[in-house]
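Read the structure below first, then the notes.
We count residues from 1, following the sequence as given. Each ligand, and each atom within it, is numbered from 1 in the order the structure gives.
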Amino acid sequence: MKTNNRYKIITFGCQMNLADSGSLAALMNISGYEAIESEEEADIIIINTCSVREKAEERVFGRLGDLSRIKKENSFKKIVVVGCMAQRMAEKILERAPYVDIILGTDQMFALPSLLDSDNHTPQVKTEFGFEEFDDITPNRDYKYSAFVTIMRGCNNFCTYCIVPYVRGRERSYSVAKIINQINGFTADGVKEITLLGQNVNSYDDEGHKFPYLLKRLADDTDIKRIRFMTSHPKDLSDQLIEVLASESKLMPHIHLPLQSGSDSILKRMKRVYTYSHYLELTKKLRKSIPNISITTDLIVGFPSETEKDFEKTLEAAKTISFDSAFMFRYSVRPGTAAARFIDDVPESEKIKRLNTLIEVQKKISFEKNQSEIGKVQSVLVDGYSKRGEEYLKGKTGGAKTILFPGNADIIGDECYVNVTSADSWTLHGKLVE
Ligand code: SAH
Ligand code: SF4
Ligand code: F3S
């Protein structure tokens, strides 16, 4: 056994970062390192970072500041920064946090065990892009019965506000065989539900095998019970995909389809390559083919040149489409992106005002949407106890909503039917159907 081998991973950012942290943890474990809960006691502290908005980056710097104290008390500890910020701003990290030992970009983080093994002088920085393939490990995960499966990396879309293509590199898809292999590892370990991850799953391409083909193969050739995916770009959501969603019962009736703005001129400046009416048509098609589908979205307010009128179009869009839920953001300038050259002309106070207005509107819509579920019976994967205590079990509906209901621990991990009895903007409550 190695000495000074206890590590702790702290993860910021999106689900892909959670998935990457899970893969890194599995790799650390098979390389002789041991996960530990306590930051104080860990010999190696790894921060997996996010660059999507300035606030996300500031949060990481705040955390690094806290770690400087731990490092002062015990200089043998290693501090490692990986992921999107490591990719984007390695030098700045070393400037602001010179006590960081190792910095690894999004495609280099899996080199960590071998770097730790080699006795090189620090700091070490590696940020080259290059596909890291490592087969036959089943990534660690936070939940026993559900797991993330990354099916592709990178993004080619270059929406003008977005840093992701710069920090994640170009699109690359994992092979169908490799994905099936990973899912088999998960199902053998008790996983019932997977969420397939990619910045734009619609452009999945394994030597001509596209996303609908992958979904069909996963439904037919694996033992996984429930399949979800995210994110879909509205510009290339195909009829075949809608068909597969409608016909395959293992595919959950949920789509995360970021609209970003309800104004065509803003969508154009964002380089989203679709119009609001195209988006609206898509949601109609989806609801016609899959009547119980839940549609969720991402919205940005305060993009450069957004007028009050543009913003009202976003509000109108939210009301017209009636999203089940939405992630809503204030525009944040990302240096190096195309939009960083536009004048960031919406004052911060106005951005905050618009965001709050939008959040209030969406809260009401989510409430009404959830109220309309009352009296319906939902297929639920029970994933454990509610935070409220052991009288309540917690699960996720097909439409990806959290539902709480009284029940016995012996059904944790099962799919069961729950009748919805009440609902607020965030959560459903129900009763088990025998
Ligand atoms: N690939 C996904 C997710 C990208 S990041 C997609 O295309 O939808 C997640 C969300 O963060 C985006 O959908 C967008 O709404 C938001 N976002 C990205 N860059 C941003 C920025 N500079 N300012 C504010 N929000 C941003
Ligand atoms: Fe960013 Fe657009 Fe790519 Fe999504 S599709 S990751 S928003 S550039
Ligand atoms: Fe995800 Fe943030 Fe990177 S959203 S892809 S961790 S910039």
Side-chain angles (χ1 to χ4, degrees), residues 10-21 24 47-60 81-89 105-107 109 148 150-172 196-204 229-237 255-262 266-267 269-274 279 295-304 306 314 318 323 325-342 344 346 348 351-352 354-355 358 362:
I10 303 164
T11 307
F12 292 84
C14 63
Q15 277 121 334
M16 195 166 286
N17 266 18
L18 286 171
D20 282 347
S21 290
L24 182 56
I47 306 195
N48 194 359
T49 59
C50 173
S51 276
V52 80
R53 282 168 292 274
E54 195 181 350
K55 221 162 81 190
E57 294 187 336
E58 281 312 316
R59 228 176 274 143
V60 168
V81 178
V82 303
C84 295
M85 270 174 84
Q87 188 68 44
R88 188 173 101 72
M89 49 192 328
T106 46
D107 278 5
M109 67 175 87
F148 294 121
T150 300
I151 61 165
M152 57 192 298
R153 290 178 171 271
C155 182
N156 291 350
N157 290 315
F158 289 92
C159 303
T160 56
Y161 51 81
C162 185
I163 197 72
V164 171
Y166 302 88
V167 291
R168 288 272 178 184
R170 295 295 66 73
E171 270 171 14
R172 296 139 292 167
L196 308 174
L197 297 178
Q199 298 301 339
N200 175 17
V201 291
N202 300 330
S203 47
Y204 176 84
F229 56 84
M230 67 192 314
T231 297
S232 287
H233 196 306
K235 79 176 160 62
D236 45 23
L237 176 77
I255 193 154
H256 186 65
L257 196 64
L259 170 63
Q260 311 299 2
S261 169
I266 296 295
L267 285 172
R269 280 168 67 82
M270 287 177 161
K271 205 172 143 236
R272 288 293 286 180
V273 214
Y274 52 82
Y279 186 99
I295 303 179
T296 59
T297 201
D298 294 346
L299 297 166
I300 298 175
V301 302
F303 187 76
E306 185 188 74
T314 301
F323 294 111
S325 67
F327 294 110
M328 294 161 279
F329 309 103
R330 257 187 290 159
Y331 171 67
S332 164
V333 184
R334 303 289 60 221
T337 61
R341 293 194 293 272
F342 305 162
D344 185 19
V346 182
E348 217 46 41
K351 285 183 189 166
I352 292 172
R354 288 180 192 173
L355 183 62
L358 181 60
Q362 181 54 46

Nearest non-hydrogen protein atom, atom 16 (C) of ligand 1: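 Looking at atom 16 (C) of ligand 1, the protein heavy atom closest to it is Arg53 NH1, 3.3 Å.
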
Have a look at ligand 1 and work out which part of [X], if any, has a heavy atom under 4.0 Å from it: side chain, backbone, both or neither.
X      : answer
Tyr161 : both
Arg330 : backbone
Arg334 : side chain
Val52  : both

Which bit of [X] gets closer than 4.0 Å to ligand 2, counting heavy atoms only: side chain, backbone, both or neither?
X      : answer
Pro165 : side chain
Tyr161 : side chain
Cys155 : side chain

Sub-4.0 Å atoms of ligand 2 with respect to non-hydrogen atoms of Gln199: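 Selected atoms, number and element: 6 (S).
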
Residue Val164 vicinity, atoms of ligand 2 by number, heavy atom under 4.0 Å: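 Going through ligand 2 atom by atom, the ones under 4.0 Å from Val164 are 6 (S).
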
Tally, protein N/O/S atoms nearer to atom 2 (Fe) of ligand 3 than 2.8 Å: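 My tally for this metal is 1.
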
Side-chain donor or acceptor of Tyr279 paired with backbone N/O of Leu257 under 3.5 Å: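 Side chain of Tyr279 to backbone of Leu257, a donor-acceptor pair under 3.5 Å: yes, one is there.
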
Gln260-ligand 1 polar pair, N/O distance under 3.5 Å: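 Yes; the residue has a nitrogen or oxygen that sits under 3.5 Å from a nitrogen or oxygen of the ligand.
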
Aromatic ring proximity His256/Phe229, centre distance under 6.0 Å: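 Here the rings of Phe229 and His256 have centres that are no less than 6.0 Å from each other.
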
Matching residue for Tyr161 among Val52, Thr337, Ile300, Val333 - test: side-chain contact (heavy atoms from CB on, under 4.5 Å):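 Result for side-chain contact (heavy atoms from CB on, under 4.5 Å) with Tyr161: Ile300.
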
